[in-house]
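Since the structure comes first, as structure tokens, the remarks are kept for the end.
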Amino acid sequence: YDSRNVTISTTQSQLSSSGFRFEFSSSSQLGQIVAGDRSDIDFRVDRHNDGSIWLTTVRPGTRVVLYDTAPVEDLTSIDVAPLDGYFTGSIEAVPGYAYVFETMLSDGLHYGAVRVTAVGSNNVIFDWAYQTDYGNPELRRVVAGGGPRL
């Protein structure tokens, strides 16, 4: 599952639309933008005093890692979640860079990816992908008769 051009505000500018959760197990909806002060979200968007924008993990069981030390061309460049390096806390949202989240749900570990496309003074725009199959680090699927597709 994936989506493109998702805009999320910073908690400092619009708290009601500054949080994100890849999957709420109680509903079938994926990729929800919600209030950044909730404790059941995967991450929120924060603006630091220097104006930089950061993705901050929130829910226990959610950790993040920088996907690569260089920008990635597209969301489809994020094929398999890294095996290690995950941490809780904040990571700066930089256009072109990708971030992978691991999040523990009741059925096991899931992976989600975010590629930041733009950063404003009060928001971030990103593309995201999510693996609903627990334990599966593949973030890109292959369609029958074709190439990779998210």
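For this chain, numbers begin at 1 and follow the sequence in order.
Listed by chain and number, the residues in a ring pair (Phe, Tyr, Trp, His ring centres under 6.0 Å) with Y97 amount to none (sequence neighbours excluded). For A113, the side-chain contact (heavy atoms from CB on, under 4.5 Å) test picks out I78, V100, L139, with sequence neighbours left out. Residues meeting the ring pair (Phe, Tyr, Trp, His ring centres under 6.0 Å) test with F101, sequence neighbours left out: F22, F43.
At distances below 3.5 Å, at least one donor-acceptor pair connects side-chain atoms of S13 with backbone N or O atoms of N122. Remark: the backbone N or O of R44 is not paired with any side-chain donor or acceptor of S18 at under 3.5 angstrom. With D127 contributing its side chain and N5 its backbone, the two residues share a donor-acceptor pair below 3.5 Å. Side-chain atoms of T88 do not come within 3.5 Å of backbone N or O of R63 as any donor-acceptor pair. Under a 3.5 Å cut-off, the side chain of R115 and the backbone N or O of V72 do form a donor-acceptor pair.
When side chains are defined from C-beta on, L55 counts as touching V45, because their heavy atoms get closer than 4.5 Å. Looking at T132 and L30, their side chains come closer than 4.5 Å, going by heavy atoms from C-beta outward. At least one side-chain heavy atom of D46 sits less than 4.5 Å from a side-chain heavy atom of Q12. The closest side-chain heavy-atom distance from L105 to R59 is below 4.5 Å.
The OG1 atom of T103 lies 13.0 Å from the CD atom of Q131; values are rounded to the nearest 0.5 Å. We find the CH2-CG distance between W128 and D2 to be 7.0 Å, quoted to the nearest 0.5 Å. Here I53 contributes atom CD1 and I91 contributes atom CD1; the two are 14.5 Å apart, rounded to the nearest 0.5 Å. Atom CD in Q32 sits 9.5 Å away from atom CZ in R21 (nearest 0.5 Å). One finds the OH atom of Y99 at 6.0 Å from the CG atom of L66 (value rounded to the nearest 0.5 Å). H110 NE2 to Y130 OH: the interatomic distance, rounded to the nearest 0.5 Å, is 4.5 Å.
Heavy atoms only, all atoms of each residue included: I41 and G36 are closest at CD1-O, 3.8 Å. Here the shortest heavy-atom pairing between E92 and W54 reads N-CE3, 3.0 Å.
The hydrophobic clustering, which links ILVMFWY residues whose side-chain heavy atoms are closer than 4.5 Å, places V65 and Y111 together. Note on Y1: it clusters hydrophobically with V6, by side-chain heavy-atom contacts below 4.5 Å among ILVMFWY residues. I33 and L15 are members of different hydrophobic clusters when ILVMFWY side chains are connected at heavy-atom separations under 4.5 Å. Connection of V64 to I125 is not established within any shared hydrophobic cluster, with ILVMFWY side chains joined at heavy-atom distances below 4.5 Å, either directly or through further cluster members. Under the 4.5 Å side-chain heavy-atom criterion for grouping Ile, Leu, Val, Met, Phe, Trp and Tyr, F87 is connected to F20 within one hydrophobic cluster.
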Do V124 and V114 pass the side chain to side chain contact (heavy atoms under 4.5 Å, CB included) test, and can you show the C-alpha distance, the side-chain angles, and the key distance before you say yes or no?
CA-CA 11 Å; V124 63; V114 167; over 6 Å; no
Step by step, work out the salt bridge (Lys or Arg N to Asp or Glu O under 4.0 Å) result for R4 and D74.
CA-CA 10 Å; R4 305 269 180 164; D74 188 72; 2.9 Å; yes
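Using modelled atom types, one finds a donor on one side chain and an acceptor on the other under 3.5 Å when comparing T62 with D42.
Surrounding CG of D84 are at most 12 heavy atoms belonging to other residues, nucleotides or ligands under 6.0 Å away.
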